[in-house]
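Convention: sequence-line order gives letters A, B, ...; per-chain numbering from 1.
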Amino acid sequence: MSQELPKAYDPSIIEQRWAEYWVREHLFDVPTPETTHDARKKFTILLPPPNVTGRLHMGHMLNQAEMDILTRWNRMRGETSLWVPGTDHAGIATQMMVERQLKEEGKTRQDLGRNAFVEKVWAWRELYGGAILDQMKRLGASVDWSREYFTMDDKLSPAVKEAFVRLYEQGLIYRGAYIVNWDPVAQTAVSDLEVEHEERLGKLYHIRYPLADGSGSIVIATTRPETMLGDVAVAVNPTDDRYLALQGKLVRLPLSGINSQPDREIPILADDWAKPEFGTGAVKVTPAHDANDFAIGQRHNLPNLTILDETAHVLLPGSPYHGLDRYAAREKIVADLEAQGLLVEIKEHTNAIGLSQRTGVVIEPRLSQQWFIKIQPLADKAIEAVDKGYIKFTPDQYRKTYDEWMRNIHDWCISRQLWWGHRIPAWHCKACAAITVSRETPTHCATCNSTDITQETDVLDTWFSSGLLPFTVFGWPNPNADTGMPDLTPDLGAFYPTQLLVTGFDILFFWVARMIMLGTHFMLDVPMPDGSKRELKDAVPFREVYIHGLVRDANREKMSKTKGNVINPIDIIERFGTDAVRFTLASMASPGTDIAFSEARTEGYRAFANKIWNAARFLFMNVDRAREAGYNMTMRESGTVPSLPDDTPLETRWIFSRLSAVSAEVDRALADYRFDEAANAIYQFFWGEFCDWYLELAKLRLDFTEGAEPNPTTALTLASLVGIFESALRLLSPFMPFLTEEIWHALYEGKPPAKSVALTRYPQAADFPADPIAESAMKTLQDLIVTVRGLRKELGVPEKEATPITIHAGNRVLALADGNADVLSRMARVSAVEFATESLTGSNARSTAEFDVAVIYERQIDVVAERERLTKDLAKYEKGLASADKQLNNETFMSKAPAHIVDGLRKQHAETKILYDKAKAALDALGN
RNA sequence: GGGCGGUUAGCUCAGUUGGUUAGAGCGCCUGCCUUACAAGCAGGAUGUCGGGGGUUCGAGUCCCUCACUGCCCA
């Protein structure tokens with residue numbers, strides 16, 4: 001084991017090497033099973049596919065670190081673990097990216113035409129589309145790269161088409177003219193989810209509409225005066241006394257005359273939507289440009305008058321406003337109204353406006369022909385699946401959020417007026433206007449047989465194809481040769497449902513909810529591996545959903561480009577190493593809370609990595625010495641520990657017992673998604689127990705004196721050191737895969753028992769002997785050492801000077817001190833141990849409930865400081881005693897509290913009493 | 001407007017179904033260049049658990065209320 005490790009840990013050297021090794025060796029590939037009923041236990045997880053246009057951000061890094069920890073952990077626990085990566089074609093985002101590029105060349109997509117433009121996007125994707133996955137490789141993600149998919153590749157596209165056609169045939173897809181959220185920049189409809197609402201201070205305009213009969217007027221209130229050109233009515237509440245007499249009358253709509261024609265006349269009607277307390281109580285009705293007005297229009301059979309085009313410019317040939325942008329039109333209309341004396345007043349008004357998530361532009365509600373999914377039947381199953389517990393949410397509160405949304409769901413607008421995406425497989429007939437929906441490109445209209453058909457130009461919402469991923473990546477639909485129904489594939493049989501989905505709450509509705517709806521809908525038709533009919537509990541796309549928080553900056557601010565506080569993970573990785581960043585994220589990832597990413601913490605975990613590195617150097621150094629001294633040093637099989645003879649030193653029995661407990665704790669924590677607790681348990685064990693105590697004590701046992709015969713204690717300690725260390729590396733490896741891989745390979749001197757530490761067994765509690773007696777003895781010994789160290793410090797004993805100590809205690813402690821004089825000497829510079837029959841109260845003594853200990857040193861302690869300390873302690877003990885007394889003397893407490901609480905309190909009371917008496921005596925002994 | 005969180009040490013956060021004297025990391029103070037590690041070692045200080053009220057033998061934990069704060073939906 002003459003592995004030479006550099007003195008300081010340098011992640012940049014090792015991380016790249018192992019990242020490449022893992023991919024090159026296909027260590028995490030899981031081949032498709034031979035049959036459809038592969039019985040091994042599976043852990044399957046789908047990577048939320050990043051946009052091809054994406055760049056890695058801290059959110060991805062958290063998401064992937066968590067997934068990787070869980071995947072590696074499950075893999076090491078013996079489950080067939082499959083993590084499937086891929087990217088999303090991201091319709092709008094990608095199209096915009098390429099359009100921006102074209103713009104720099106002074107071109108538009110229309111200049112190129114649809115086919116050439118789509119080709120250009122593909123070319124862009126070839127060049128840059130892999131960037132984010134390349135970045136992902138640096139994170140050490142243990143994914144199966146052989147299964148990498150793209151949502152528009154040849155395997156997935158036919159499945160998307162199949163899903164659309166099936167839904168259409170089932171009557172769950174319809175097309176119609178409805179008000180949708182229109183993005184005038186991207187020039188496409190977007191779904192409700194893609195609209196973000198923002199409170200903005202705007203204006204409420206009160207405008208007078210004269211009655212057509214000249215008998216008066218009515219004043220309406222609106223935030224959008226420009227849309228009055230599309231008004232078809234004025235609405236008042238049926239109960240509103242002010243307007244009872246006006247209901248049914250006509251008003252003359254100002255500014256509406258085109259080509260010198262007179263202004264249009266529109267009715268005043270009664271509708272509940274008009275709220276008497278809003279504005280004047282009278283509102284204008286513009287069905288083609290407002291969702292609520294559209295509903296009013298439907299109720300009253302009003303015409304729909306579209307007055308804005310796709311780019312939100314007024315479309316009204318012959319009108320003086322024709323061609324104006326919506327905001328320019330607003331200004332002009334307001335000015336014209338004022339000129340005509342029809343503008344009554346303008347009030348400040350705050351209202352929520354809709355912004356396009358993609359372009360940031362104000363959404364224009366617009367009436368247009370779109371394709372929708374009739375969502376209720378799908379939502380019903382999705383609600384049932386979660387209600388019945390077939391899908392478990394962590395944190396649980398998201399179950400409610402999900403449920404709430406599902407129960408108030410609206411039909412899903414799935415068509416987008418884009419060029420980049422899955423083109424809707426529908427053809428319009430020019431002859432009879434019928435629609436032919438087909439898996440194959442049809443040659444003629446299915447209704448009238450005309451050959452004059454053209455394909456629908458719209459594409460599908462990106463989330464439609466990603467919503468299908470949990471089954472399409474495993475080969476759905478695979479139609480059965482006889483029935484044509486989707487059939488099981490070996491991959492589907494083995495890996496569906498997936499085990500877990502890890503994601504941020506921001507795509508809970510976009511993606512998670514859609515996968516649940518589409519999964520429960522489509523997979524119910526696919527038989528189970530044993531041939532039986534699939535039930536809802538096995539049709540779900542995943543069994544669990546873990547939702548993590550947001551990664552914020554150190555000041556808890558949301559990271560945003562405009563604030564300039566975005567942390568680029570690659571920068572941080574280059575400064576501290578991937579392992580340290582992963583560990584930081586894990587240690588702060590407590591379910592339900594956001595992460596305030598702190599560089600200070602990352603620095604701390606880089607120090608941790610360095611600590612482990614140096615522990616390895618210590619180990620290697622001693623193995624070399626052992627060899628030179630004639631010891632036989634061969635690595636044991638990974639995961640086996642030496643048997644411990646009766647005379648095994650205390651600290652060795654202790655450390656194995658601790659490792660056993662920590663292994664149990666880590667398993668429990670990860671099962672509960674408590675990444676923070678798991679990380680902290682390992683950190684504490686490695687640093688606070690293994691390095692601080694065990695390594696130091698091992699130095700005492702390792703005897704390589706020249707000429708000495710090999711001795712069994714040295715041999716056992718060395719074997720234990722290596723065994724514990726190797727186990728700890730395995731325990732840590734899901735969190736810090738690079739560092740552990742590097743050291744683990746070095747430990748085996750190029751002949752490792754597996755190709756990677758990631759392919760070995762995860763440490764389990766039962767792998768190591770638990771020893772409660774050793775743990776409690778070690779605890780006492782540690783207390784003794786720490787107490788002596790503190791005393792020495794206070795007495796001003798120079799660090800290097802050894803001093804004798806006196807102990808007064810019970811037999812157990814005395815025997816412990818007596819038998820571990822060498823330990824005390826090494827750890828607390830104790831030169832000799834004497835025993836006293838009387839309790840020790842001098843100023844050079846300290847007491848615990850178990851023992852009194854005094855350090856023999858001629859210089860006196862700082863009496864003032866000591867008195868202060870004792871007085872403080874005394875007050876604390878008094879308070880503790882008082883509160884314990886109060887309870888112990890309380891009959892209700894004694895009769896109601898469980899026995900173990902009462903016993904515990906009694907024990908604590910007794911111990912505190914001892915401490916109190918001792919402190920009191922010590923204080924008295926100090927005199928004045 | 002409807003809903004969901006949060007408020008614990010200087011900072012960032014833990015704190016299981018109420019149960020003994022509330023923890024961690026970082027930071028801070030003191031002393032150490034101890035041959036694995038100064039990215040280290042040893043010792044130390046720091047909290048009326050946001051305010052008020054209630055339930056209980058017992059509340060950081062449950063209930064009510066107020067304040068501040070973050071988010072989601074409309």
Within the 4.0 Å heavy-atom criterion, would you say [X] contacts the bases, only the backbone, or no part of the nucleic acid?
X: A:Leu695; result: base
X: A:Glu696; result: base
X: A:Arg826; result: nothing

Per [X] side chain, nearest of listed nucleotides [options]:
X: A:Asp692; options: B:C4, B:A14, B:C41; result: B:C41
X: A:Asp676; options: B:A39, B:A14, B:A36; result: B:A14
X: A:Phe505; options: B:C71, B:U12, B:U35; result: B:C71

Donor-acceptor pair between [X] and [Y] side chains, under 3.5 angstrom:
X: A:Thr780; Y: A:Glu850; answer: yes
X: A:Thr803; Y: A:Arg792; answer: yes
X: A:Thr503; Y: A:Tyr546; answer: no
X: A:Arg701; Y: A:Thr714; answer: no
X: A:Trp693; Y: A:Glu651; answer: no

Whole Å only: how far is the [atom1] atom of [X] from the [atom2] atom of [N]?
X: A:Met827; N: B:C41; atom1: CE; atom2: P; answer: 12 Å
X: A:Glu799; N: B:U30; atom1: CD; atom2: C1'; answer: 11 Å
X: A:Arg606; N: B:G40; atom1: CZ; atom2: C1'; answer: 14 Å
X: A:Phe686; N: B:A36; atom1: CZ; atom2: C1'; answer: 12 Å
X: A:Phe690; N: B:A36; atom1: CZ; atom2: P; answer: 14 Å
X: A:Asp579; N: B:A39; atom1: CG; atom2: C1'; answer: 15 Å
X: A:Trp405; N: B:C71; atom1: CH2; atom2: C1'; answer: 18 Å
X: A:Phe583; N: B:A39; atom1: CZ; atom2: C1'; answer: 16 Å

Original post:
Hey, which of A:Asp579, A:Val666, A:Ile682 is the one that makes side-chain contact (heavy atoms from CB on, under 4.5 Å) with A:Leu732?
Top reply: A:Ile682
Original post:
Which heavy atom in A:Ala580 sits nearest to a heavy atom in A:Thr602, and how many Å separate them?
Top reply: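 Heavy-atom minimum between the residues: CB-O, 4.0 Å.
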Original post:
Taking all atoms of both residues into account, what is the closest heavy-atom pair of A:Thr584 and A:Tyr605, and its distance?
Top reply: OG1-CD1, 3.5 Å
**OP:** Determine, stepwise, if the pair A:Leu695 / A:Leu721 fulfils side-chain contact (heavy atoms from CB on, under 4.5 Å).
**Re:** CA-CA 8 Å; A:Leu695 278 191; A:Leu721 260 179; 3.3 Å; yes
Subject >> Salt bridge flag under 4.0 Å for residues A:Asp396 and A:Arg399 >> reply: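 Judged by the 4.0 Å cut-off on N to carboxylate O distance, A:Asp396 and A:Arg399 do form a salt bridge.
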Subject >> Note: A:Glu599-A:Arg606 ion pair, threshold 4.0 Å (strictly below) >> reply: no
Original post:
Near RNA chain B, under 4.0 Å by heavy atom, which residues of residues 607-614 of chain A?
Top reply: A:Ala607, A:Asn610, A:Lys611, A:Asn614
How far, in whole Å, is [M] from [N] if one measures between their [atom1] atoms?
N: B:U55; M: B:C63; atom1: C1'; answer: 7 Å
N: B:G54; M: B:G60; atom1: P; answer: 15 Å
N: B:G23; M: B:G15; atom1: C1'; answer: 7 Å
N: B:G52; M: B:A45; atom1: C1'; answer: 32 Å
N: B:A59; M: B:G27; atom1: P; answer: 37 Å
N: B:U21; M: B:G47; atom1: C1'; answer: 14 Å
N: B:U34; M: B:A42; atom1: C1'; answer: 10 Å
N: B:C66; M: B:U20; atom1: C1'; answer: 33 Å

Original post:
Sequence neighbours excluded, which residues qualify as ring pair (Phe, Tyr, Trp, His ring centres under 6.0 Å) partners of A:Trp613?
Top reply: A:Tyr9
Any N/O pairs under 3.5 Å between the protein and nucleotides 43-46 of chain B? List them or say none.
from  : atom 1 : to       : atom 2 : distance (Å)
B:G43 : OP1    : A:Arg789 : NH1    : 3.4
B:U46 : OP1    : A:Lys872 : NZ     : 2.7

**OP:** Return the orientation label for the A:Phe583 and A:Tyr683 ring planes: parallel under 30°, perpendicular over 60°, tilted otherwise.
**Re:** tilted
**OP:** Could you tell me whether a side-chain N or O of A:Arg829 sits under 3.5 Å from a main-chain N or O of A:Glu799, the two making a donor and an acceptor?
**Re:** yes
Set out, line by line, the N/O atom pairs under 3.5 Å between protein and nucleotides 21-28 of chain B.
from  : atom 1 : to       : atom 2 : distance (Å)
B:U21 : OP1    : A:Ser883 : OG     : 3.3
B:U21 : O4     : A:Thr912 : OG1    : 2.8

Original post:
Starting at the 5' end of RNA chain B and moving along, which residue's nearest nucleotide shows up first, A:His909 or A:Arg668?
Top reply: A:Arg668
Please report, to 0.1 Å, the donor-acceptor pairs under 3.5 Å made by any side chain of residues 670-677 of chain A, with sequence neighbours excluded.
from     : atom 1 : to       : atom 2 : distance (Å)
A:Asp672 : OD2    : A:Arg668 : NH1    : 2.9
A:Tyr673 : OH     : A:Glu544 : OE1    : 2.5
A:Arg674 : NE     : A:Asp676 : OD1    : 3.1
A:Arg674 : NH2    : A:Asp676 : OD2    : 2.8
A:Glu677 : OE1    : A:Arg668 : NH2    : 2.5

Subject >> Distance below 4.0 Å between A:Arg829 side-chain N/O and B:C41 OP1 or OP2 >> reply: no
**OP:** Applying ring pair (Phe, Tyr, Trp, His ring centres under 6.0 Å), run through A:Tyr402 and A:Tyr398 and close with a yes or a no.
**Re:** CA-CA 6 Å; A:Tyr402 166 90; A:Tyr398 286 107; over 10 Å; no
Subject >> Runs of at least three consecutive pairs that involve RNA chain B, where pairs are Watson-Crick or G-U with distances under 3.5 Å >> reply: B:1-7 with B:67-73, B:10-13 with B:23-26, B:28-32 with B:40-44, B:50-54 with B:62-66
